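Remarks on the structure that follows.
All heavy atoms count here, side chains included; hydrogens, waters and symmetry mates do not. Computed from a predicted model, the values in this text were never measured in an experiment. For ligands, and for the atoms within them, numbers begin at 1 and follow the listed sequence. Position 1 is the first residue of the sequence; numbering continues from there.
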Amino acid sequence: MTDKRTRTLEEKKERLIRHFISSKTLKTEKVIRAFKEVPRELFLPNSLRDNAYNDTPLPIGNGQTISAPHMCVIMAEILDLEIGMKVLEIGTGSGYHAALIAEIVAPSDEKTSGHVFSIERVKKLSEFARKNIEQAKFSDRVTVIHGDGTLGYPEQAPYDRILVTAAGPKIPEPLIDQLKNGGKLVIPIGGVYFFQTLILLTKDLEGKITKEKRGGVSFVPLIGEHGH
Ligand code: SAM
C-alpha cells in the first residue's frame with residue numbers, strides 16, 4: 001500500500017473510533033485499544049481494502065461476509081473479555097473478529113496464555129483466514145480449525161468465552177457444554193437472514209444458565225449439525 005492510502009485508512013479509522021465512542025458502541029479502553037491495533041484492511045480481499053473503515057459488512061467470497069466493525073465491537077464489549085482468557089469463535093470468515101478478540105485476551109505487548117480457537121466450515125475461507133492472521137502477526141494467538149463449529153471444539157474445552165458469528169435456530173448444546181462455569185456465550189438466534197436477536201448466555205459459578213436479549217441483528221446462517 002502507498003503511504004497516502006495508509007494515511008487515508010488511518011484517518012478513516014480514527015473517525016470511526018470517535019463515532020463509536022460518541023455513540024457508546026465502544027465503551028471500554030481494552031476494546032478501543034484492540035480496535036486501534038488490529039488492521040481490518042489486512043483481512044479483506046485486495047480490491048476492498050480501501051473500504052476497511054466503512055461501517056458495513058463486506059464480501060469475502062463463498063457467499064460469506066466479514067461482519068461490520070460495529071458488530072465486532074458490540075460482541076467484544078458484551079463478552080467482557082480479560083487478559084489470559086481462552087475463547088472459542090464459531091465462524092472465522094476473514095479472521096478479523098478472532099484477531100480483535102485475541103488483541104484483548106492476549107495483547108501484543110504482554111506475555112500471556114490467552115488464546116482464540118476459531119472454527120470455519122468453508123475450507124477455502126479457513127485458508128484465507130489463516131493467511132490473513134499470519135500477515136497481521138496473530139498466528140501465535142489465534143488457531144483456525146476447519147470443521148463444523150456447531151459441535152464446538154472439545155479438544156480445548158472448557159472455554160471462558162464463546163462467540164458465534166453466524167445465526168442459528170437455537171443455541172447448540174455442545175457449545176453450552178463446553179462453556180466454563182462463570183463463562184459467557186454470545187450468539188445471534190433466529191431465521192435465515194431475518195428476524196434474529198443477539199443472545200447473551202451466562203453460566204454462573206454453580207453452572208446455572210441465564211439468557212438475555214441484546215438487540216436485533218442480521219447475520220449469515222449458521223449451517224451444521226446443530227444449525228440451520
Ligand atoms: N467472524 C468473521 C470475520 O471476522 O470475518 C465473520 C463471519 S461470517 C459473518 C460467518 C461465518 O460463519 C462464515 O464464514 C460461514 O462460513 C461460517 N459458518 C457458518 N456455519 C458454520 C459452522 N457450523 N461452523 C463454522 N463456521 C460456520
Please check if atom [atom1] in [X] has more than 12 non-hydrogen atoms from other residues, nucleotides or ligands closer than 6.0 Å.
X: K170; atom1: NZ; result: yes
X: E134; atom1: CD; result: no
X: K131; atom1: NZ; result: yes

Short N or O distance, G149 and ligand 1, threshold 3.5 Å exclusive: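 It does: an N or O of G149 is found under 3.5 Å from an N or O of ligand 1.
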Spacing of CG belonging to L125 relative to CD1 belonging to I66, to within rounding of 0.5 Å: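 The distance works out to 11.5 Å.
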Approximate separation, where rounding is to 0.5 Å, of S126 OG and I133 CD1: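 Between S126 OG and I133 CD1, I get 10.0 Å after rounding to 0.5 Å.
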Could you tell me the residue and atom name of the protein heavy atom closest to [atom], and the distance to it rounded to 0.1 Å?
atom: atom 21 (C) of ligand 1; value: R121 CD, 3.4 Å
atom: atom 19 (C) of ligand 1; value: P221 O, 3.6 Å
atom: atom 2 (C) of ligand 1; value: T92 O, 3.3 Å
atom: atom 8 (S) of ligand 1; value: T65 O, 3.0 Å
atom: atom 4 (O) of ligand 1; value: H97 N, 3.0 Å
atom: atom 13 (C) of ligand 1; value: Q64 OE1, 3.2 Å
atom: atom 14 (O) of ligand 1; value: E120 OE1, 2.7 Å
atom: atom 22 (C) of ligand 1; value: I223 O, 3.4 Å

Ligand 1 contact by S67, heavy-atom criterion under 4.0 angstrom: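 Yes, S67 has heavy atoms under 4.0 Å from ligand 1.
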Ligand 1 contacted by E89 (non-hydrogen, < 4.0 Å):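 E89: in contact with ligand 1 (<4.0 Å).
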Which atoms of ligand 1 have any heavy atom of [X] under 4.0 Å away?
X: L125; result: 14 (O)
X: S94; result: 3 (C), 4 (O), 5 (O)
X: T150; result: 23 (N)
X: I90; result: 24 (N), 25 (C)
X: L222; result: 20 (N), 21 (C), 22 (C), 23 (N)
X: I119; result: 25 (C), 26 (N)
X: V122; result: 16 (O)
X: G147; result: 24 (N), 25 (C)

Considering all heavy atoms, the nearest H97-T165 contact: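 Nearest pair, atom of H97 first, then T165: ND1-CG2, 3.7 Å.
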H115 versus D140, closest heavy-atom pair with distance: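 Taking H115 first and D140 second, the nearest heavy atoms are CE1-O, 3.4 Å.
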Answer yes if the side chains of [X] and [Y] hold a donor-acceptor pair under 3.5 Å, and no otherwise.
X: Y53; Y: E14; value: no
X: S218; Y: Q196; value: no
X: N54; Y: T56; value: no

Aromatic F43 / basic R40 pairing, under 6.0 angstrom, 45° off normal: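 Ring-cation test returns no.
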Mode of A98 contact toward ligand 1 - side chain, backbone, both, neither (heavy atoms, under 4.0 Å):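 Within the 4.0 Å criterion, A98 makes no contact with ligand 1.
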Contact partition for V220 relative to ligand 1, non-hydrogen atoms under 4.0 Å: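 The answer is the side chain.
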Side-chain heavy-atom pair R141, V116 within 4.5 angstrom cut-off: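 No, their side chains stay 4.5 Å or more apart.
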Identity of the nearest option to atom 1 (N) of ligand 1, non-hydrogen atoms only, from S126, G93, G91: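 Nearest option to atom 1 (N) of ligand 1, by heavy atoms: G91.
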Apart from F195 itself, residues in the same hydrophobic cluster as defined by side-chain heavy atoms under 4.5 Å: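 Noted: F195 shares its cluster with V192, Y193, F194, V220.
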